[in-house]
Amino acid sequence: MFQSISWSQYFNFLLIALLIYYPLIGLVFYRKELASVIKKRNADSVDLPGRTGLSFVEETDDKLLDELREVHHATTHREFPKEELMLTIMQRVKQYRGLNKELINQFMKEAFPQLEESDRRRIWQ
């Protein structure tokens, strides 16, 4: 019986068996993690029907940066109290979760030079 099987047939069978075996083992042991990833992906796509291929974090960063640009344009042409500016920025930042803080801090450093480092730290608290 074993004399009629060639080595190439044996290796093909072994390859196919392994390609079936390991995904099955992965599904058995990691089904909860896979289910949570699939749920999260479905929830993101339901919440954002018009996605453009950006990740959720990048989209929220872009939205917040757009709002901060609007604040910057509104405050550049007139004298704006520092505390009122900080309060406005704090309100905008608290609306978003999972932000790239380094990117937002870089923008605030360039757009709002009147804010010191301690003021920018207070915004994230």
Side-chain angles (χ1 to χ4, degrees):
M1 176 173 126
F2 289 112
Q3 294 173 352
S4 65
I5 297 175
S6 70
W7 280 106
S8 64
Q9 290 173 336
Y10 170 74
F11 286 125
N12 286 337
F13 171 77
L14 192 62
L15 177 68
I16 291 170
L18 290 175
L19 288 175
I20 293 171
Y21 175 76
Y22 281 111
L24 285 176
I25 295 299
L27 286 174
V28 168
F29 287 107
Y30 296 106
R31 67 179 174 264
K32 290 180 182 176
E33 289 86 357
L34 289 171
S36 68
V37 168
I38 291 170
K39 272 186 197 175
K40 184 178 177 185
R41 183 170 286 161
N42 287 341
D44 287 347
S45 66
V46 169
D47 291 343
L48 303 168
R51 290 181 68 157
T52 60
L54 295 175
S55 72
F56 182 72
V57 173
E58 290 172 336
E59 285 185 11
T60 56
D61 288 343
D62 289 343
K63 288 179 184 178
L64 178 60
L65 286 174
D66 288 341
E67 288 185 21
L68 290 177
R69 282 186 192 104
E70 291 174 10
V71 170
H72 178 258
H73 289 300
T75 60
T76 54
H77 300 298
R78 62 185 177 110
E79 190 64 35
F80 209 75
K82 187 167 139 180
E83 287 300 320
E84 191 174 333
L85 176 63
M86 283 186 52
L87 182 63
T88 303
I89 294 173
M90 281 176 156
Q91 290 173 343
R92 303 290 168 102
V93 167
K94 287 185 180 184
Q95 293 175 356
Y96 297 96
R97 290 203 169 102
L99 297 170
N100 182 350
K101 290 182 180 181
E102 295 172 5
L103 177 69
I104 305 300
N105 276 332
Q106 176 78 22
F107 177 79
M108 286 193 298
K109 187 183 286 187
E110 293 172 7
F112 306 108
Q114 66 268 33
L115 296 179
E116 300 170 1
E117 185 67 32
S118 60
D119 297 330
R120 286 191 295 275
R121 271 190 251 127
R122 274 185 45 207
I123 290 172
W124 293 106
Q125 293 178 353

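Owing to the predicted nature of the structure, the values given are computational and were not obtained by experimental measurement. Starting from 1, each residue takes its place in the sequence as its number.
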Give, for atom [atom1] of [X] and atom [atom2] of [Y], the distance between the pair rounded to the nearest 0.5 Å.
{"X": "I123", "Y": "I104", "atom1": "CD1", "atom2": "CD1", "answer": "11.0 Å"}
{"X": "K109", "Y": "N105", "atom1": "NZ", "atom2": "CG", "answer": "7.5 Å"}
{"X": "R122", "Y": "E83", "atom1": "CZ", "atom2": "CD", "answer": "5.0 Å"}
{"X": "I38", "Y": "K40", "atom1": "CD1", "atom2": "NZ", "answer": "13.5 Å"}
{"X": "M108", "Y": "E117", "atom1": "CE", "atom2": "CD", "answer": "9.0 Å"}
{"X": "L18", "Y": "I25", "atom1": "CG", "atom2": "CD1", "answer": "11.5 Å"}

Worksheet item: Under 3.5 Å, side chain of R92 to main-chain N/O of L64, donor-acceptor pair present?
Response: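 Absent.
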Discussion item. Looking at D119 and E116, would you say the former's side chain and the latter's main chain have a donor-acceptor pair under 3.5 Å?
Written reply: yes
Discussion item. I'd like to know whether V71 forms a side-chain contact (heavy atoms from CB on, under 4.5 Å) with F112, so could you lay out the CA-CA distance, the side-chain angles of the two residues, the decisive distance to 0.1 Å, and finally the verdict.
Written reply: CA-CA 10 Å; V71 170; F112 306 108; 4.0 Å; yes
Worksheet entry | Residues D66, K63: salt bridge by 4.0 Å N-O rule | no
Is it the case that one hydrophobic cluster holds both [X] and [Y], taking links as side-chain heavy atoms less than 4.5 Å apart, direct or via other members?
{"X": "V93", "Y": "M90", "result": "yes"}
{"X": "Y22", "Y": "L34", "result": "no"}
{"X": "Y21", "Y": "F29", "result": "yes"}
{"X": "Y30", "Y": "L24", "result": "no"}

Discussion item. Regarding E102 and Q106, do their side chains bring together a donor and an acceptor under 3.5 Å, going by distance alone?
Written reply: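 There is no such pair (donor and acceptor under 3.5 Å, judged by atom type) between the side chains of E102 and Q106.
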Discussion item. Looking at every non-hydrogen atom in both residues, tell me the closest pair between L27 and R31 and how far apart they are.
Written reply: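 Where L27 meets R31 most closely, the heavy atoms are O-CB, 3.0 Å.
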Worksheet item: Just wondering, do L103 and L65 contact through their side chains at under 4.5 Å, heavy atoms?
Response: yes
